[in-house]
2 protein chains.
Amino acid sequence: MTINRSCIVCDNLTCLIKKHCSDEVILNDIDQNKDINLYRNRQFIFQEGDFTKNVFFILSGKVKVFLMGANEKNQIVRFSKRGDILGHRGFIPSGVYPVSAQAIFDSEICYLPKKYFFNLLDKVPELTINLMLSFANELFQEETKLRNMSVFNVREKVAVALITIVKSFGLDENQNIVDIDLLSRQDIAELVGLKANQVTKVLSDFKVDGIIEIVKNKIKITSYGALEKIVSY
Amino acid sequence: MTINRSCIVCDNLTCLIKKHCSDEVILNDIDQNKDINLYRNRQFIFQEGDFTKNVFFILSGKVKVFLMGANEKNQIVRFSKRGDILGHRGFIPSGVYPVSAQAIFDSEICYLPKKYFFNLLDKVPELTINLMLSFANELFQEETKLRNMSVFNVREKVAVALITIVKSFGLDENQNIVDIDLLSRQDIAELVGLKANQVTKVLSDFKVDGIIEIVKNKIKITSYGALEKIVSY
DNA sequence: AAGAAAAAATGATGCAAATCATATTTTAGT
DNA sequence: ACTAAAATATGATTTGCATCATTTTTTCTT
């Protein structure tokens, strides 16, 4: 399903394009080349190994970016949401996406052909610089993750996973309590390199410790501070 | 000790600046703002937490980029050499270098003030795009490393470390045999999150298997192919 | 060249965590 | 609402590896 409207009237001010391109550029260039797709829950936006064809910008929804492991051991790289760019990791010499991207919620996603996106970068230096800066930041986050994985034990890793999820998808409006109902135990495990049953185990520990509540497989974080304390070193 | 000469006469064609800036820009802008420093072996170029002041470009030598762990457990992020940019990881909101950089060989390193470097990016879009691309590539490598760390066992990790070292510092001119004499067991361990004595153990296994030779603490890789086989999955 | 200090090699032990097996709960389909 | 399939919870077992201790080799200093 494809829908389309001009970036001029878009209200997503966190989008790289919207933020850094003038109305003129949008009208004359971007609107002619971009498209919007609606991806249903569980639908793939692209797969690891696909030729890097497009660059995506999330308008709404939630996306899981991950590596497919050999033995059904996937590895979640990050969660992306409204305002995030997607597919930019494919700007590597191999010319293929090094990761897969899958909607975990119905998502509206704009996209530009990669080739055209690079033309755009030539025209709008500010865009290039900001893209470069967001790469720098992503690299830093990746490094932090790498350190976490080598330092933390299972309990701490699960805490990291919950914190990551909260940070990715935001907090509840009222309290610091969040429903995590989009993600399975398996997802949580893949986020921090564990097995699903290990996650279950720690989650039940957390329940006993009064850090979370679990009702019908839905996790509610009742003490975010306690989670932060677990991972502080 | 500070020495200086124009980038115009520099023979380092792999340098981002040399590669993407016109002679005009070099003469009028870069030469006025850049400097070269000679760093002796073991000397620090910058430290984790330092305010991001400069951007560095390695002219010669070898540099170790690493994270300082709490319990004397450092983590080597990468090795950098001639042609590599250094300090660009400091382009993050915190405004400090997230890693430390230390010469592991006498090294000539050019540098530009960060502030000026960003002016330059405005002037030379091609430079910005290529910097962005090199970030993308670094990110990919980091991801690969993260997967390796979660998938590989101790033996495989040591193989990864040796391969990384060979890839970083190149192969010997004659055969596929390489002397690794700049790095201690501790360095190898920190590259893949192990302890020095674990590295020693695996290295002696490798010796028995005829993959390496060790003479006076110097490692010679006699079967690079065998190493590659160990980490192929 | 000799002695001291540092690095590397080797071995032994305890524990965390990966793996496997099974029961229970939840979700999805008719 | 009922049944089948999937996801989750819980427990038992084993293996890998981190840690510690000690000896040997290498490097550094004078």
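Order of the sequence lines fixes the chain letters, A, B, ..., with proteins taken first and strands second; residue numbering starts at 1 for each chain. Values in this document were obtained by computation on a predicted structure and should not be read as measured data.
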Set of salt bridge (charged side-chain N to carboxylate O under 4.0 Å, His left out) partners for B:R42, sequence neighbours left out: none

Taking only residues two or more places apart in sequence, or in another chain, which ones meet B:T52 in a side chain to side chain contact (heavy atoms under 4.5 Å, CB included)? B:Y97, B:K114

Of all the heavy-atom pairs spanning B:F66 and B:I76, show the shortest one and how long it is. CB-CA, 3.7 Å

Can you run down the salt bridge (Lys or Arg N to Asp or Glu O under 4.0 Å) pairs that involve residues 89-98 of chain B, sequence neighbours left out, and say none if there aren't any? A:E143-B:R89, B:R89-B:E138, B:R89-B:E142

For atom CD of A:Q186 and atom C1' of D:dA5, their distance in whole Å: 17 Å

Write down the distance between CG (A:L194) and P (D:dT8), rounded to a whole number of angstrom. 15 Å

Length of the line joining A:I214:CD1 and D:dT8:P, which is rounded to integer Å: 10 Å

Using atom types as modelled, flag every donor-acceptor pair under 3.5 Å from a side chain in residues 53-64 of chain A to any protein atom, sequence neighbours excluded.
| from | atom 1 | to | atom 2 | distance (Å) |
| --- | --- | --- | --- | --- |
| A:S60 | OG | A:E108 | N | 3.3 |
| A:S60 | OG | A:E108 | OE1 | 2.9 |
| A:K64 | NZ | A:D187 | OD1 | 2.9 |

Taken to the nearest whole Å, CG/A:D187 to P/D:dA6 is 17 Å

For every nucleotide of nucleotides 19-30 of chain D, 5' to 3': is a protein heavy atom under 4.0 Å from its base (B), only from its sugar-phosphate (S), or from neither (-)? BB-----SS---

Quick one: side chain to side chain contact (heavy atoms under 4.5 Å, CB included) partners of A:S204, sequence neighbours excluded? none

One would report the end-axis bend of the helix from C:dA1-D:dT30 to C:dT30-D:dA1, five pairs per end and rounded to 10 degrees, as 60°

CZ of B:R155 versus P of D:dC17: gap in Å, rounded? 12 Å

Within the 4.0 Å heavy-atom criterion, would you say A:T200 contacts the bases, only the backbone, or no part of the nucleic acid? base

5'-most to 3'-most nt of DNA chain C touching chain B (<4.0 Å, heavy-atom partner on protein side) reads C:dA8 to C:dG11

Value in whole Å for how far the P atom of D:dA6 lies from CZ of A:R185: 18 Å

In whole Å, I'd like the distance from the NZ atom of A:K207 to the P atom of D:dT8. 13 Å

Checking A:Q75 now: which residues fulfil side chain to side chain contact (heavy atoms under 4.5 Å, CB included) with it, not counting sequence neighbours? A:L67, B:L146, B:R147, B:S150

When B:S204 and A:N153 are each assigned the nearest nucleotide of DNA chain C, the 5'-most assignment goes to B:S204

Side chain to side chain contact (heavy atoms under 4.5 Å, CB included) filter on B:Q47, not counting sequence neighbours, yields B:F44, B:D50, B:M68, B:S100

So which pairs with a foot in residues 199-212 of chain A pass salt bridge (Lys or Arg N to Asp or Glu O under 4.0 Å), sequence neighbours left out? A:R155-A:D209

Can you name the nearest heavy-atom pair linking B:E156 to B:V231, along with the distance? O-CG1, 3.7 Å

List in chain and number order the residues that pass ring-ring contact (aromatic ring centres under 6.0 Å, His included) with A:F135, two or more places apart in sequence or in another chain; answer none if no residue qualifies. A:H88

